[in-house]
*Asks:* 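The structure's right below; bear with me while I get my questions together.
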Amino acid sequence: MEYDFKEIESKWQRRWKENGTYHVETDPSRPKYYVLDMFPYPSGAGLHVGHPLGYIASDIYSRYKRCCGFNVLHPMGYDAFGLPAEQYAIQTGQHPAVTTEQNIARYREQLDKIGFCFDWDREVRTCDPAYYKWTQWAFLKMFAHYYDNRTQQAEPIEKLVAEFEKNGTADIDAACTTKLDFTAAEWAAKSEAEKEQVLQNYRLAFRADTMVNWCPKLGTVLANDEVKDGLSVRGGYPVVQKRMKQWLLRVTAYAQRMLDGLDDLEWSESLKEIQRNWIGRSVGAQVFFDIDGSDRKLEIFTTRPDTIFGVTFMVIAPEHEWVGELTTAENEKAVEEYIEQTKKRSERERIAETKRVSGVATGSYAVNPFTGKHIPIYVSDYVLAGYGTGAIMAVPAHDSRDYAFARHFGLEIIPVVAGGDIEKESYDAKEGKMINSGFLDGKDVKEAIALMFDEVEKRGLGKRLVNYRLRDAIFSRQRYWGEPFPIRYDGDIARPLDESELPLELPAISEFKPTEQGEPPLARVEGWQYETSTMPGFAGSSAYYLRYMDPHNDKALVSKEADEYWRNVDLYVGGIEHATGHLMYSRFWNMFLYDLGYVCEAEPFRKLVNQGMIQGRSNFVYRVVGTNKFVSLGLRKEYETQEIHVDVNIVKNDILDLDAFRAWRPEFADAEFILEDGRYVCGWAIEKMSKSMYNVVNPDYIVEQYGADTLRMYEMFLGPLEQSKPWDTNGIDGVHKFLRKFWRLCFDREGNFALNDEAPTEKELKTLHKTIKKVREDIENFSFNTSVAAFMICLNELGECRKRGIVEPLTVLIAPFAPHIAEELWSLEGHTTSVCDARYPEYDEKYLVESTFEYPVSVNGKMRFKKQYPLTATAAEISADIVATDEAQKWLEGAAPKKIIVVVGKIINIVK
RNA sequence: GCGGAUAUGGUGUAAUUGGUAGCCACGUCAGACUUAGGAUCUGAUGCCGAGAGGCGUGGGGGUUCGAGUCCCUUUAUCCGCACCA
């Protein structure tokens, strides 16, 4: 019987569906394991061969865990709200709900062909009102809570109000936008609108007038992680800074906890590092500088208080609120001009021109609290309004930016740390001895920093302070295709809907552009008395992993029972591109729900694996310039040629299918070829997988040609999971050949199923157990490429072994990788259960043991590694051959091995 | 500029974590069976050399009896952050 993968695969996919094979329920009698993939955004282009990489890996792991006795939750869904569907709607008038529905159907069809073990009964879609009800619910909870720095958690806003009524802000230590100061009496005197204004300063979901990333082309604001190099991540359109009233999430309140939480997560060091950088904690001091002729004190933040003696000027950001106040009459014109000029510069220009020094003096002076010197205050855009206090103390001798500025404006440069040559450049290193610094002279930098902290606090100049680079997340988008905010307005006061009013459904509209007045599309809806912006893409994806635990519950996001059983995600597989977006927001969202007691784990994703990107491998043909003749790769040097992308699907092993090429496009219908060895060889290059490069490989095509099991194994065989690599269909034959060989193992020459019950030999058992051990270890380490290789080696070693005692465990072993073929063989053997109900095979150590082992020995004074000893060899016998090095002696000392366990000639353990 | 990662045959990769570098595949070459093969099977295949032999894990140096693996240095590529005080 031939290996008819089409027949086998459709048969088993149908059965799995009919029998609900992969349906999961909570089962307290069994240990749980939660394997999650980052759910896809269903785009119009469908899946290419790169998308399933992570899904296949997680599917193998899920099936493996299931065979190990775990109750495995492995769900899938769709991140269905988002910009592309809406952009498409604007162009075509097609409602996003319709295109999204179509795209989901297409995705599902593609996914089903690959044979995943998802529990589709738990599917979620973020655009489903029954789902986004809980996104809105979480938002309302955030609106109703603030973050108390003393209890280090979210608390009901009523607690804060009660505090205001009693003591005003006197005893408050809460996360806020700006520090407020008022008494109980002042609070009582405020109007309702004023009180709400104050509370917005503390709520975890709040509305504020802030500088935002505005993308005119997309007509919406964007969060920091949606902007890169001054361009929008989606679409690549310019982004400008603009002051607007927006909803925000106070993620900064959780900065420290999100930072601390990283330590215990099984994430890659590089991903943790990206998040640490994004949070950007820095420890420093807040210091107030007196301003000459004013009662005001200029507040700055510094991480180098040791260098205060070297401060020779101050700089404030152009957006600093005191710019007007600090500017003297004679400097007014120059300052105004400068600010006008910086406003015109886009974010992109500002980034591009970081080397250019610019600035202007305010005419005011501050006083260096340690030297007593009067120092000028400048305005310059190298100081950012958004970080620290938007003002700095400049130490040109020890900060390269201050140095460049001082050089440009001819300002004094005083070295206070010995070690550099300030004639040439600033000395930024945090090491050396202090000079020109009064009581700090002779001290080491580290020591000086500590002493200065104390001194600053003692003199009442300021205090220690921790600053974060992390910004609050802008949460509203001026778009249609997203979750509506459960907020209505009473004048300017935002009123939350009652929970019983949820979900607030997105109304149907037919025109998706912003209004003439530039308002979001929802402003077109007649009678819409709610907020007109919608929530951003990350809203729906922030808690979807919780919803999978209990997807049909209409009383709660997740029931206590389900949450306490499934707890959190044990293994999360997805791309690194979500490092500062989704993975930050999800952690914030989860910690918030944890504070409120709705979930029992503070961290949502315990272990995370980032699969690499699959790049495209493009093929080229070479047209002789001015003709319709195409010359093969090896001969192209002899002609003047033009390189043309050719569809990779009509090229095999870099050999062009000439007829297919002629049929590909009308202009090539009468193409002629200059061949080498009778074939046309194409050139190739690694590029991004995209339609325009004609290098997109569709998984459907691979499944059609080779079957899902081959696709699954080949994707794994391609290389280490976490590494980016190009897709190259060359080579898939090797994996397909292997599966055919595995299939034929069970049939005799006449094609009858022919497993026998003969007892396996020692050698065959050794091969089997070696493979079991290797494959199990590799799966645990996510080293799927080497486990596929192990299967191949196994078959090579076994030859034509048709013994049930060998083939049956191998079938179970291979099932996570190639489930269809495994199921078929399993059923032919007479098993009535599904192969996924079988226990994963254990290996028996005794089959791994050999009777001899090798040890490095000296032969004729030269080190060799050839000599074999019997297992019973004594230390004395071995030592006679060993060069008398310390290491060898140490190994022998008291180590006289009683038993040495050896795997195919290598020592794995010495039992004493 | 700062931080992280990677570098091994013609190609994708492997190496029991300091112990015979190149497993397993692709490709290539030779052979078998075939009317035929994009089927199947067998063998060869790191480089130089006729051979003995020599060289070989981006480059240079070091530790070690022994280095792809550890240390120092350097180069290239990729990724993240970037006027963050």
Side-chain angles (χ1 to χ4, degrees), chain A residues 2 228-229 268-278 280-282 284-285 300-304 307 315 317 350-351 353-357 380-384 386-395 398-402 404-405 428 467-471 576-577 579-580 612-613 617 652-655 657 684 714 717-720 722-735 737-738 740-741 744 773-774 777 783 785-796 854-858 861-866 882-888 902-908:
Chain A
E2 265 306 295
K228 197 175 142 64
D229 299 332
S268 71
E269 242 350 274
S270 62
L271 179 52
K272 286 187 190 180
E273 211 45 43
I274 290 172
Q275 291 215 341
R276 287 192 190 109
N277 286 342
W278 191 257
R281 181 182 202 263
S282 55
I300 60 97
F301 173 77
T302 180
T303 54
R304 294 293 302 273
T307 60
V315 187
R350 213 165 138 160
I351 290 165
E353 296 172 15
T354 53
K355 294 281 178 299
R356 204 179 81 189
V357 178
S380 173
D381 65 1
Y382 85 87
V383 173
L384 304 176
Y387 185 78
T389 61
I392 61 150
M393 61 175 218
V395 187
H398 304 290
D399 182 290
S400 53
R401 295 153 302 173
D402 298 345
F405 194 87
D428 295 14
N467 237 312
Y468 300 92
R469 203 182 65 89
L470 185 70
R471 298 275 78 99
I576 188 96
E577 66 272 16
T580 53
M613 279 255 280
R617 186 180 189 277
K652 185 159 178 180
N653 289 351
D654 290 339
I655 307 299
D657 180 334
W684 59 273
Y714 186 58
F717 188 65
L718 226 41
E722 308 204 48
Q723 197 174 296
S724 282
K725 58 231 163 196
W727 175 266
D728 183 358
T729 308
N730 300 345
I732 197 167
D733 282 340
V735 172
K737 239 186 262 179
F738 160 78
R740 273 209 305 261
K741 217 166 134 186
R744 277 203 311 271
K773 181 173 192 286
K774 172 83 175 142
E777 280 173 3
S783 180
N785 56 326
T786 52
S787 35
V788 175
F791 283 122
M792 294 180 178
I793 296 168
C794 180
L795 278 209
N796 287 348
E854 298 169 356
Y855 193 75
V857 297
S858 163
K862 221 179 157 190
M863 293 299 288
R864 294 282 177 211
F865 206 79
K866 281 282 185 190
I882 296 175
V883 169
T885 62
D886 287 351
E887 198 187 342
V902 176
V903 181
V904 279
K906 304 292 179 186
I907 300 169
I908 59 163

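We name chains A, B, ... by the order of the sequence lines, and we start the count at 1 in each one.
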*Asks:* If I pick the P atom on B/A44 and the same atom on B/G22, what distance separates them, to the nearest angstrom?
*Replies:* 15 Å
*Asks:* Mind checking ring pair (Phe, Tyr, Trp, His ring centres under 6.0 Å) for A/Y468 and listing every partner two or more places apart, or none if nothing turns up?
*Replies:* none
*Asks:* Roughly how many Å apart are B/C26 and B/G38, using the C1' atom of each and rounding to a whole number?
*Replies:* 15 Å
*Asks:* What is the distance, to the nearest angstrom, from the CG atom on A/L795 to the P atom on B/C41?
*Replies:* 11 Å
*Asks:* Counting only Watson-Crick or G-U wobble pairs whose two distances fall under 3.5 Å, which nucleotide matches B/U42?
*Replies:* B/A30
*Asks:* Expressed in whole Å, how much space separates the C1' atoms belonging to B/U57 and B/C47?
*Replies:* 13 Å
*Asks:* What is the separation between atom OH on A/Y382 and atom C1' on B/G1, rounded to the nearest whole Å?
*Replies:* 16 Å
*Asks:* Please name the nucleotide paired to B/U35 by Watson-Crick or G-U wobble geometry with both distances under 3.5 Å, or report none.
*Replies:* none
*Asks:* Which nucleotide, if any, forms a Watson-Crick or G-U wobble pair with B/G1, using both distances under 3.5 Å?
*Replies:* B/C81
*Asks:* Mind checking if A/P726 touches a base, just sugar-phosphate, or nothing, with heavy atoms under 4.0 Å?
*Replies:* nothing
*Asks:* Once you measure the plane-to-plane angle for A/Y714 and A/W727, does it fall in the parallel (<30°), tilted (30-60°) or perpendicular (>60°) bin?
*Replies:* perpendicular
*Asks:* Select base, sugar-phosphate, or nothing to describe what A/N796 touches, counting heavy atoms under 4.0 Å on all strands.
*Replies:* sugar-phosphate
*Asks:* Expressed in whole Å, how much space separates the C1' atoms belonging to B/C83 and B/A7?
*Replies:* 33 Å
*Asks:* What nucleic acid atoms does A/Q723 come within less than 4.0 Å of, heavy atoms only: base, sugar-phosphate, or nothing?
*Replies:* sugar-phosphate
*Asks:* Using O4'-C1'-N9-C4 for purines and O4'-C1'-N1-C2 for pyrimidines, with syn meaning within 90° of 0, is B/G27 syn or anti?
*Replies:* anti
*Asks:* With sequence neighbours left out, what residues match A/E273 under side chain to side chain contact (heavy atoms under 4.5 Å, CB included)?
*Replies:* A/E269, A/R276, A/N277
*Asks:* Has the side chain of A/Q275 got a donor or acceptor atom that lies under 3.5 Å from a matching backbone atom of A/T580?
*Replies:* no
*Asks:* Take the protein atom CD of A/E722 and the nucleotide atom P of B/C79, then report the distance between them rounded to whole Å.
*Replies:* 17 Å
*Asks:* Looking at every strand, decide which applies to A/N785 at a 4.0 Å heavy-atom threshold: base, sugar-phosphate, or nothing.
*Replies:* sugar-phosphate
*Asks:* Could you tell me how far apart A/D399 (CG) and B/A85 (P) are, to the nearest whole angstrom?
*Replies:* 9 Å
*Asks:* Could you check how far CG of A/N277 sits from P of B/A82, rounded to whole Å?
*Replies:* 9 Å
*Asks:* Could you measure between the two C1' atoms, the one in B/U77 and the one in B/C72, and give it in whole Å?
*Replies:* 22 Å
*Asks:* In the structure shown, which nucleotide is the Watson-Crick or G-U wobble counterpart of B/G51, with both distances under 3.5 Å?
*Replies:* none
*Asks:* Report which part of the nucleic acid A/F717 touches: base, sugar-phosphate, or nothing (heavy-atom distance under 4.0 Å, all strands).
*Replies:* base
*Asks:* Between the protein and nucleotides 26-28 of chain B, which nitrogen or oxygen pairs are less than 3.5 angstrom apart?
*Replies:*
residue: B/C26; atom: OP1; partner: A/K737; partner atom: NZ; Å: 3.0
residue: B/G27; atom: OP1; partner: A/N653; partner atom: ND2; Å: 3.0

*Asks:* Could you identify the nucleotide paired to B/G22, looking across every strand shown and requiring Watson-Crick or G-U wobble geometry with both distances under 3.5 Å?
*Replies:* none
